[in-house]
Amino acid sequence: MSAKKIAIYGAGSIGTITGAYLSQAYGKDHVTLIDAWQENVDTLNEKGAHIIGATDLTVPVHAVTPNDVDGQYDVILLHTKQGFNGTVLPAIKKILSPDGTLISLQNGVPERNILKIFDAKNVIAGSVEFGGTGHGPGVSELTTEFDAFKKSAFQIGEIDGKLTDRIEMIQEILSNVGGTTISDNLMGTKWTKLLINASFSGLSAAANTTYGGILASDVGIKSALHIINEALTAGHADQIRFAPMNGVDFNQLFSLKGADFTQKQIDYLREIMKPWASLKASMLQDLEHHRKTEINEINGLIVETAKEHQLTTPYNDLIVEIVTEAQDTDTLPNFDETMIRFSKLLTNKPILS
Ligand SMILES: CC(C)(CO)C(=O)C(=O)O
């Protein structure tokens, strides 16, 4: 396998971590990090990729800007944001070898659009299950606890869910980064990641805090459960079978069964999310750096899907409202104000024991 040429398209907080581990495993002659930010590319080449947080690791890497890409790649990991797909996908098409594989790892569910540009035989997809926070050029903080990262970093699958030699080969490659499981239910995988993004990343962005800040707040954790439940309801209406993530069946454990969520559901959600407490949503990092967020592709997708089935989504609506407001006014949301707005939605919803 080491003869394969691998590219990481998008060396942001997640791409830098992935690129560091793959370069460590296969050598920088076989792995290229592609990123549009010249200063990031220069620093990566001069100083290596520096991973801090749950580990401390510096790995020599080879990085280029999209304009300087030379040659074709057998495997390309797609780590840019969906908002750039209009330019990124045609650029990737030119550098993916005819038998190559593009791994769609973006948040949301971009695969239908990706398949308009790429032949299905060249595409697999999956979800990223670890967090990263950028700390300037070349430096990324691994925000998932190290054991959880090594256990569960990616879930990948063929579009048709088949177990193929190719998907096993990609699993082997990604296992150099962290735990990688194969899913036979790709849409279920993408939607389970979507519900984590909508709830914890949505609230992290809307309340200007980490996942831990949401877990520690009663309003935060209860709102997270409502967001998850809205995503489950919209997904079910759209025939989605939610895949377990890191062994946890969100559908089974966290859907609303009675008048309200039970204390057991609250405690369990707090417990299983602990290894991700230091995560800062990429949408919050976008707001901090004056970039457009993925709000429409994350909470917005749940709202839209629900609407198609005449369902309402007050909790996801509020996330969209707050994050869009912050994005449009180039400001950061305020934790207390956001919690007040969510507590109004939660009023009259007692927690059953
Ligand atoms: C889970 C996490 C933090 C990993 O990048 C994420 O997907 C996001 O916030 O966008």
Side-chain angles (χ1 to χ4, degrees), residues 8-21 51 53-54 77-84 103-110 125-135 140-146 148-149 151-156 174 177-180 189-215 220 224 227-228 231 243 245-246 248 250 269 272-289 291-302 316 319-320 322-323 326-327 333:
I8 288 100
Y9 213 101
S13 51
I14 296 292
T16 300
I17 295 172
T18 309
Y21 281 100
I51 313 306
L77 280 72
L78 182 58
H79 275 314
T80 46
K81 303 273 168 61
Q82 266 198 66
F84 299 107
I103 316 176
S104 157
L105 292 165
Q106 293 176 322
N107 285 335
V109 189
S127 59
V128 175
E129 300 181 356
F130 63 95
T133 298
H135 287 271
S140 180
E141 176 189 353
L142 174 62
T143 51
T144 299
E145 284 179 10
F146 199 72
F149 169 63
K151 189 168 161 230
S152 149
F154 300 101
Q155 200 171 126
I156 51 163
L174 295 184
V177 181
T180 304
T189 294
K190 296 293 289 196
W191 267 81
T192 300
K193 173 68 193 290
L194 180 68
L195 70 75
I196 297 288
N197 273 142
S199 52
F200 284 95
S201 294
L203 284 164
S204 160
N208 189 3
T209 187
T210 57
Y211 280 25
I214 301 304
L215 293 172
I227 295 170
I228 290 171
M245 184 154 287
N246 199 13
V248 176
F250 278 77
L269 185 58
I272 62 160
M273 292 305 292
K274 263 191 204 153
W276 289 271
S278 300
L279 255 73
K280 188 195 263 192
S282 58
M283 288 197 286
L284 178 55
Q285 297 180 54
D286 289 337
L287 290 177
E288 288 173 344
H289 293 99
R291 298 185 296 240
K292 193 169 184 290
T293 69
E294 294 187 297
I295 191 67
N296 295 334
E297 290 82 17
I298 296 178
N299 301 81
L301 177 62
I302 291 166
N316 279 281
I319 297 282
V320 173
I322 296 171
V323 175
Q327 187 174 274

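Numbering of ligands and ligand atoms starts at 1, following listing order.
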> Less than 4.0 Å between a side-chain N and a carboxylate O, is that true for K280 and E141?
Replying inline: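 Salt bridge absent between E141 and K280.
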> Is the closest heavy-atom distance from K193 to ligand 1 below 4.0 Å?
Replying inline: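 K193 counts as a contact of ligand 1 under the 4.0 Å cut-off.
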>> With a cutoff of 4.0 Å, is V128 in contact with ligand 1, counting heavy atoms of the residue only?
In response: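 Judged by the 4.0 Å heavy-atom criterion, V128 does not count as contacting ligand 1.
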> For S201, is at least one N or O under 3.5 Å away from an N or O on ligand 1?
Replying inline: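 So ligand 1 has an N or O lying under 3.5 Å from an N or O of S201.
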> Does any N/O atom on N107 come nearer than 3.5 Å to any N/O atom on ligand 1?
Replying inline: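 Yes.
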Which atoms of ligand 1 have any heavy atom of [X] under 4.0 Å away?
X: L279; answer: 1 (C), 3 (C)
X: A281; answer: 9 (O)
X: Y211; answer: 1 (C), 3 (C)
X: F130; answer: 4 (C), 5 (O)

> Rounded to the nearest 0.5 Å, what separation is found between the OG atom of S204 and the CH2 atom of W276?
Replying inline: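 CH2 of W276 is found 15.5 Å from OG of S204.
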> Is the distance between the ring centroids of Y21 and F149 less than 6.0 Å?
Replying inline: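 That pair passes the under 6.0 Å test.
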> F130 pairs by ring-ring contact (aromatic ring centres under 6.0 Å, His included) with which of F146, Y211, F154?
Replying inline: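 It is F154, the one option of F146, Y211, F154 that forms the ring-ring contact (aromatic ring centres under 6.0 Å, His included) with F130.
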> Any side-chain heavy-atom pair from V128 and K193 closer than 4.5 angstrom?
Replying inline: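 Side chain of V128 against side chain of K193, heavy atoms only: contact under 4.5 Å found.
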>> Side chains of E294 and Q82 only: does a donor on one sit below 3.5 Å from an acceptor on the other?
In response: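 Absent: no donor and acceptor within the cut-off.
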>> Under 4.0 Å, heavy-atom basis, I'd like to know which part of S282 is in contact with ligand 1: side chain, backbone, both or neither.
In response: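 Within the 4.0 Å criterion, S282 contacts ligand 1 through backbone and side-chain atoms alike.
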>> Heavy atoms only: which of L284, I14, N197 lies closest to atom 6 (C) of ligand 1?
In response: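 Selected option, by shortest heavy-atom distance: N197.
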